[in-house]
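Working notes, structure below.
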Amino acid sequence: MNKEKHFPVECPSCREHLEVTKLRCAECETEVSGMYPLPRLGLLAADDQEFIVKFVLASGSLKEMAKQLGVSYPTVRNRVNDIIKTIESQSA
Amino acid sequence: MTESSTTSSATKRGFLWLWNPFTTTAGGTALTAGVLVILISAAIAIPSKTHFDGVLDTHLGFAAPSWFFFAEGIVNWLSLAVVLWITGLILCRKEGRKFRAIDLFGTQALARWPFLLISLVCLIPGVGRATTALAKLTVSSEGIPTFPKIAIGDTLAFAFASLIMLIATVWFVAMAWKAFRISCDVSGWRAVSAFTISIILAEIISKLVITELLIALV
């Protein structure tokens, strides 16, 4: 049974942001090593990232998002506000 | 999933919706449903002469034209909704956020649905009789009250109705807070304080407006 994997973002020891040191091509098995910070969106929780993807696919329409998720417009808008706060606190 | 677990999860969702419908219902839908509930509550209140003569108040009393009962409901809703709208604008401006007025007004209308329970419970015949009898309570010059005779059944009906009124009023305040919190995305002690002041202000405003309507009636 394949368990769902979650992309780790935080160090389990000290809670600092993790960085990428190795990337691998699944096709030709080329490996790239270095020190790369995670992209800003990658620093968000998995469900927030999923929400942003759906938001873009809904052409940025909060109304459309509310319809798709089966929640009210202010609930969706409040979620966006929370994500904005999270991104702003990461930038600070 | 078995049929019984499907039914129980549907029941659970139903109760959760009654407790906090605003995560799924806001905007025009809440406004339509809320105004309908306010008007239906007023219509049911007419035979028992139940007056919602303030944002938080319920009194059984005098007969009045039907429009007066509807006007009370609308005044109560708008008094709190307008005050909370202004409060929300002040709170959100500090944080550079916006909210839709239709969400605020709609959810505040829907938040008044517990008053439907009060209208229904006041239809119990004994409630009106007990209220009329209690209105004849007299106090002597020595300060000794003379209680009117009230049938046991009427007393129990009145006590039951009073309990429902208390629960429904508290439920409404909780719903109005949730509606405000979700519509304006506010939280914390500042929002709670602002909400408390708003509801007191709205109660005063609604009382003043309904008194003016009463004077016009007389």
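Below, chains carry the letters A, B, ... as their sequence lines are ordered, and counting in each starts from 1. Just so it is clear, the structure is predicted and the values come from calculations on it, not from any experiment.
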Next item on the list: Assess whether atom NZ of Lys207(B) is packed by more than 12 heavy atoms of other residues, nucleotides or ligands within 6.0 Å.
Entry: yes
When you scan chain B against chain A, which donor-acceptor pairs turn up at less than 3.5 Å?
from, atom 1, to, atom 2, distance (Å)
Phe22(B), O, Ser72(A), OG, 2.7
Thr23(B), O, Ser72(A), N, 2.7
Thr23(B), O, Ser72(A), OG, 3.2
Thr23(B), O, Thr75(A), OG1, 3.0
Ile182(B), O, Asn78(A), ND2, 2.9
Ser183(B), O, Arg77(A), NH2, 3.2
Asp185(B), OD2, Asn81(A), ND2, 2.9

Notebook entry, point to check: By a 4.5 Å heavy-atom criterion (distance strictly below it), what part of Phe99(B) contacts chain A: side chain, backbone, both, or neither?
Noted result: both
